[in-house]
Asks: 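First the structure, then my questions, so here it is.
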Amino acid sequence: MACAATHPGVPRQLARRGREQHAGSRSLSLASGLPSLASAKPPRPDSPWPACSSCPRMEGSEELESSLLTQPWASVCFGESTFLAKACFRDTGYILLISDLSSVWYESADVEVVGQRSKELNKRLTVHVSSFLHRLRKLMCSLLAGQPDTATSFSCHHIAGGLSLHVKSELSGLPFYWDFHCCPAPVEMVSRHLVRPLIRMSLALQYQVQGLTSLLLQKDAEIEDYRESGATLSRDRLRTEPFRQDMFQQNFMAESLPQICDAGEGQAFASALQQLYTAVTQQEVKQARKRQRSENTEDPAPAAETAGHPHPPPPSQEDETASSSEGTMPASSPAQKPRLPVAKAKPKKAKGLFS
């Protein structure tokens with residue numbers, strides 16, 4: 001209801017001013033009570049770990065991740081839990097990738113993150129960030145190699161959508177603590193570091209089995225030729241039966257495969273498979289670099305041609321007149337022949353009057 005209607009004795013100007021102030025105070029209360037849609041932020045999840053899309057993009061992370069790709073997975077144990085892990089440390093930071101074969105987590109940290117976290121966890125240590133990175137590299141490399149430092153302890157904890165790896169050790173005679181804050185790895189990273197290499201390793205092993213099978217059949221043919229020529233074994237215990245691929249496959253599925261599956265997930269990457277993984281990923285890195293070089297050599301070419309030979313301006317009226325007159329001139333008039341460019345002119349033998 002208007003102020004003039006409520007208070008008949010109030011002048012119209014004062015009533016209008018009262019309505020404006022009342023509307024302004026009402027809009028202010030609404031603005032202070034409800035945030036605008038443009039400035040509203042989504043509620044933070046209960047998990048302290050950032051989503052994969054919000055993980056900080058460190059400088060030079062592409063080169064660091066390429067180096068991480070060629071690092072083989074290793075089996076590590078934290079308490080009673082077994083994980084597969086791989087890590088790469090540089091002066092610019094580190095990347096850690098860890099999986100329990102149900103989920104995959106990672107952390108990518110640069111020098112700034114390492115320096116800030118080291119101040120929070122190690123207030124008594126005043127060493128340079130490079131010293132922290134060097135110490136972390138030494139501890140993790142020993143762990144992945146199966147030779148952890150006896151003075152170092154590792155503990156792993158699952159926390160709402162993330163994984164925390166706590167390290168307790170010593171540095172310069174003082175306690176040294178570190179926490180790896182791992183968030184779920186994106187699908188592309190899982191595919192690049194785990195799925196695609198495993199598929200290529202399976203194909204490589206299949207070709208290897210085919211080659212060994214062919215070699216065994218050739219050896220059996222060679223032995224049979226020796227027998228037919230009258231050769232005999234000096235030791236009967238060396239005698240073998242001819243290789244039958246179908247029987248070997250059946251025995252492998254019935255006897256060897258159950259034993260392999262019962263060995264546990266911790267034996268997923270033995271030393272021989274680690275070498276095969278490294279060889280497969282190195283080929284992928286080479287192919288990626290080759291593709292990048294080919295793209296870099298193909299892309300600047302059109303730009304260079306465009307920059308070196310810009311589009312010619314439209315011909316003027318005089319040029320059009322001259323070109324049309326040149327097209328109508330007879331070829332027998334030497335004075336009226338068009339002038340050729342100097343770069344394309346071919347030397348001709350001069351003709352004199354007495355030649």
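Note that the coordinates shown come from a computational prediction; the quantities given were computed from them, not determined experimentally.
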Asks: Which value, rounded to the nearest 0.5 Å, describes the distance between E222 atom CD and R227 atom CZ?
Replies: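 So the CD of E222 and the CZ of R227 are separated by 12.0 Å.
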Asks: Rounded at 0.5 Å granularity, tell me how far CG in L215 sits from CD in Q210.
Replies: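 If we round to the nearest 0.5 Å, L215:CG and Q210:CD are 13.5 Å apart.
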Asks: How far apart are the closest heavy atoms of L68 and C88, and which atoms are they?
Replies: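 That closest heavy-atom pairing would be CD1-N, 3.8 Å.
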Asks: Let me see the working for L84 and I98 under side chain to side chain contact (heavy atoms under 4.5 Å, CB included), right down to the final yes or no.
Replies: CA-CA 6 Å; L84 292 176; I98 185 170; over 6 Å; no
Asks: So, does D220 use its side chain to make a donor-acceptor pair with the main chain of P242 at under 3.5 Å?
Replies: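 No, the answer is negative, given that no donor and acceptor are paired below the 3.5 Å cut-off.
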Asks: For residues L174 and V167: do they belong to one hydrophobic cluster (side chain heavy atoms under 4.5 Å, members Ile, Leu, Val, Met, Phe, Trp, Tyr)?
Replies: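 They do share one cluster, since a chain of ILVMFWY contacts under 4.5 Å joins L174 to V167.
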Asks: Find out if a path of hydrophobic residues (ILVMFWY) with successive side-chain heavy-atom gaps under 4.5 Å connects V195 to V104.
Replies: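 Same hydrophobic cluster.
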Asks: Taking it one step at a time, do S256 and N251 satisfy side chain to side chain contact (heavy atoms under 4.5 Å, CB included)?
Replies: CA-CA 7 Å; S256 301; N251 293 334; over 6 Å; no
Asks: E107 and Y94: side-chain donor and acceptor closer than 3.5 Å?
Replies: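 There is such a pair (donor and acceptor under 3.5 Å, judged by atom type) between the side chains of E107 and Y94.
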Asks: Quick one: pull up CG in L121 and CG in D179 and give me the separation to the nearest 0.5 Å.
Replies: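 Rounded to the nearest 0.5 Å, the CG-CG separation comes to 5.0 Å.
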Asks: Quick check: does any side chain N or O of D100 sit under 3.5 Å from a backbone N or O of S102, one acting as donor and the other as acceptor?
Replies: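 Indeed, once roles are kept as given, a pair shorter than 3.5 Å links the two residues.
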Asks: So, do F132 and F176 sit near enough that their side-chain heavy atoms are less than 4.5 Å apart?
Replies: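 Side chain of F132 against side chain of F176, heavy atoms only: contact under 4.5 Å found.
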Asks: In the structure I gave you, are the side-chain heavy atoms of S118 and L125 within less than 4.5 Å of one another anywhere?
Replies: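 Heavy-atom side-chain distance check fails, nothing below 4.5 Å.
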Asks: Does a side-chain N-to-carboxylate-O contact under 4.0 Å join E65 and R192?
Replies: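 A salt bridge is present here (some side-chain N lies under 4.0 Å from a carboxylate O).
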Asks: Can you find a pair of side-chain heavy atoms, one from M201 and one from L198, that are under 4.5 Å apart?
Replies: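 Of all side-chain heavy-atom pairs linking L198 with M201, at least one is under 4.5 Å.
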Asks: Run L144 and V76 through side chain to side chain contact (heavy atoms under 4.5 Å, CB included) and show every step you take.
Replies: CA-CA 7 Å; L144 297 177; V76 293; 3.9 Å; yes
Asks: Under a single-linkage definition using a 4.5 Å side-chain heavy-atom cutoff for Ile, Leu, Val, Met, Phe, Trp and Tyr, are L216 and L205 assigned to the same hydrophobic cluster?
Replies: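 They do not share one cluster, since no chain of ILVMFWY contacts under 4.5 Å joins L216 to L205.
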Asks: What distance do S294 atom OG and R291 atom CZ have between them, rounded to the nearest 0.5 Å?
Replies: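 Reported value, rounded in 0.5 Å steps: 8.5 Å.
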Asks: Among side-chain atoms of K86 and Y277, is any donor-acceptor pair under 3.5 angstrom?
Replies: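 The criterion, which ignores hydrogens and geometry beyond distance, is satisfied for Y277 and K86.
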Asks: When you measure from the side chain of R200 to the backbone N and O of Q283, does any donor-acceptor pair fall under 3.5 Å?
Replies: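 Looks like no, no N/O pair under 3.5 Å.
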Asks: Tell me whether L276 shares a hydrophobic cluster with I199, the cluster being built from Ile, Leu, Val, Met, Phe, Trp, Tyr side chains joined at under 4.5 Å.
Replies: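 Looking at the clustering, I199 is in the same group as L276.
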Asks: Drop me the distance from L163's CG to H158's NE2, to the nearest 0.5 angstrom.
Replies: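 L163 CG to H158 NE2: 5.5 Å, rounded to 0.5 Å.
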Asks: With heavy-atom distances below 4.5 Å as the criterion, would you say the side chains of D91 and S130 are in contact?
Replies: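 Answer no - side chains too far apart.
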Asks: So which heavy atom on L101 is nearest to which on S99, and how close?
Replies: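 Closest heavy-atom pair between L101 and S99: N-OG, 2.9 Å.
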Asks: Name the orientation class of the two ring planes belonging to F154 and F78 (parallel below 30°, tilted from 30 to 60°, perpendicular beyond 60°).
Replies: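 Judged by the thresholds at 30° and 60°, the geometry between F154 and F78 is tilted.
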Asks: Judged by atom type as modelled, is there a donor-acceptor pair below 3.5 Å linking the side chain of S214 to the main-chain atoms of G211?
Replies: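 The answer is no, because no donor-acceptor pair under 3.5 Å joins these two groups.
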Asks: Less than 4.0 Å between a side-chain N and a carboxylate O, is that true for D110 and R90?
Replies: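 Looking at D110 together with R90, the answer is no, because their closest N to O distance does not fall below 4.0 Å.
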Asks: To the nearest 0.5 Å, what is the distance between CE (M140) and CZ (F89)?
Replies: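 Between atom CE of M140 and atom CZ of F89 there are 5.5 Å.
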Asks: Please answer: with hydrophobic residues joined when any side-chain heavy atoms are less than 4.5 Å apart, are F243 and V209 in the same cluster?
Replies: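 No, no single cluster joins them.
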Asks: Give me the ring orientation class for F248 and F252: parallel if the planes are under 30° apart, tilted from 30 to 60°, perpendicular past 60°.
Replies: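 Parallel, since the angle between the ring planes stays under 30°.
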